[in-house]
Amino acid sequence: MRIVVQEQPFDLGAEVSAFAAGRHDLGAVVTFTGVVRDDPAKPLAQMMIEHYPGMTEKALEKIATEAQARWPLGDVLVIHRFGVLHPGEQIMMVATAARHRKDAFEAAEYLMDYLKSRAPFWKMEKGAAGEGWVAARSADEDALKRW
Amino acid sequence: MRIVVQEQPFDLGAEVSAFAAGRHDLGAVVTFTGVVRDDPAKPLAQMMIEHYPGMTEKALEKIATEAQARWPLGDVLVIHRFGVLHPGEQIMMVATAARHRKDAFEAAEYLMDYLKSRAPFWKMEKGAAGEGWVAARSADEDALKRW
Amino acid sequence: MIDVLYFAWVRERIGLPREQVQTQATTVAGLVDELRTREERYALAFSDLSSLRVAVDQELTDFDAPLAGAREVAFFPPMTGG
Amino acid sequence: MIDVLYFAWVRERIGLPREQVQTQATTVAGLVDELRTREERYALAFSDLSSLRVAVDQELTDFDAPLAGAREVAFFPPMTGG
């Protein structure tokens, strides 16, 4: 398991290659990458991500540990950035590796569902129309009921 | 949409980076990578993948087109190799990009489920114990009922 | 004349990857019946249709499919890609 | 004395990211009641608890949670990571 919380960008290609490499017992690797989205109707200048140092790492480790307990995973990676990001930049990624694709897919979705609503990150968007905190979506809270 | 059927290896990291780059309207990118698995109890020397040139590309395009019709996807990528592969090598990958993670995850799972049972690839394993064609798993056929 | 293609263990049992076949059959099942009568290796390859899949002109179909206008018929085991 | 931390718009409304608080409260809800009486900005920040989340010693919990032994309490809106 590898949990990274950092301000600087990460190299998605290098992370995926390194994650997938060297383990011959794992047939399935799933990744999810979150990207700062720009809505042409409401142009975004930047996104600022605030987090809770200390708790963030603990929360992500707890979520990843729970995923490893629920599915037979060979490995788990979570990277999440904080600070100032711009449209098109990668915010975060998770990766899961398992023998079978179903386990790798389910574990990645579980990680994302919990990370969304249980890891202490808050997004503020700044654009031409001003700035504001991104509201939590009830769909994200509802997604947890699946597990 | 990009569909690639090739004998040579592909660069997973470069493919993922290129796929995720440049589209600012897509917040979620999911990838699945299939790797040649080696069972320590039954060591594998190599895997040979046979395919049906012409039909393979058509079948993959049909599956990807159907995924694009079912989910609001910004982009879809499918790469599948044929020929001789060794344990730890990447066999194939799919990538999906969408505004929301649920669509990207579901579309990637759909692509994999159909690719497994509807794209004309056949795997032969060669090891110390001899060689044999990999049998289709009934779980893979059952997986299609979900959609 | 239609091209008949074989893949994976069907190719191995029949001993060749493709051949041209002159047929009177109007369906895939009819073609299979003709092929079965040719030689033992064909009879063996086609002994259990439930373990076979068929494509007509590179589209997956079933054994009831008509052959009218078909240029290419392929027989193979269930796919195992991914 | 416990450290009380505020994040996102809770931090903005209260006007500081953390402070040390001397409290007699035995639960998070008790601490909130004390803070509310301090100043208008606290009353405003804590006006609707359903829009707030709380962590005690960096573990997500709820407003009924006891404060016995707690060193750090954090208040913040629902998370929006990912």
> Looking only at heavy atoms, which of residues 133-144 of chain B get nearer than 4.5 Å to chain C?
Replying inline: B/Trp133, B/Val134, B/Ala135, B/Ala136

> Do any of residues 63-98 of chain B come closer than 4.5 Å to chain C, heavy atom to heavy atom, and if so which ones, in number order?
Replying inline: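 Under the 4.5 Å heavy-atom cut-off, B/His80, B/Ile91, B/Met92 qualify.
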
> Considering residues at least two apart in sequence or located in another chain, which fulfil the side chain to side chain contact (heavy atoms under 4.5 Å, CB included) criterion with C/Arg38?
Replying inline: C/Glu19, C/Val21, C/Leu35, C/Tyr42

>> One pair to check against salt bridge (charged side-chain N to carboxylate O under 4.0 Å, His left out): B/Glu109 and B/Arg146. What are the steps and the verdict?
In response: CA-CA 10 Å; B/Glu109 290 185 73; B/Arg146 176 178 167 194; 3.0 Å; yes

> Given that the side chain runs from C-beta out, which part of C/Ala55 has a heavy atom under 4.5 Å from chain B: side chain, backbone, both or neither?
Replying inline: side chain

>> Counting only non-hydrogen atoms closer than 4.5 Å, does B/Lys123 touch chain C with its backbone (N, CA, C, O), its side chain (CB onward), both, or neither?
In response: both

> Parallel, tilted or perpendicular: which describes the rings of C/Phe46 and C/Tyr6, with under 30° parallel and over 60° perpendicular?
Replying inline: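 The rings of C/Phe46 and C/Tyr6 stand perpendicular, inter-plane angle above 60°.
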
> Are the charged groups of C/Glu40 and C/Arg13 less than 4.0 angstrom apart, N to O?
Replying inline: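 Looking at C/Glu40 and C/Arg13, the cut-off is not met.
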
> Looking only at heavy atoms, what is the nearest atom pair of B/Ala104 and B/Ala28, with distance?
Replying inline: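 Minimum heavy-atom contact is CB-O, 3.9 Å.
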
Can you confirm whether more than 12 heavy atoms, excluding those of [X], are under 6.0 Å from its [atom1] atom?
| X | atom1 | value |
| --- | --- | --- |
| C/Arg41 | CZ | yes |
| C/Gln24 | CD | no |
| B/Lys102 | NZ | no |

>> Under the rule for ring pair (Phe, Tyr, Trp, His ring centres under 6.0 Å), what residues qualify as partners of C/Phe7, not counting sequence neighbours?
In response: B/Tyr52, B/Trp122

> What residue, out of C/Pro17, C/Pro78, C/Ser51, has the most heavy-atom pairs lying under 4.5 Å from chain B?
Replying inline: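 If we count pairs closer than 4.5 Å to chain B, C/Pro78 comes out on top.
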
> Are C/Arg11 and C/Trp9 in a cation-pi setup, meaning NZ or CZ lies under 6.0 angstrom from the ring centre and within 45 degrees of the ring axis?
Replying inline: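 Checked: cation-pi criterion not met.
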
> Sub-3.5 Å donor-acceptor pair from the side chain of C/Thr37 to the main-chain atoms of C/Glu34, do we have one?
Replying inline: yes

>> Among B/Ala59, B/Gly34, B/Gly54, which residue has the highest count of heavy-atom pairs closer than 4.5 Å to chain C?
In response: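 Sorted descending by pairs with chain C, the first entry is B/Gly54.
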
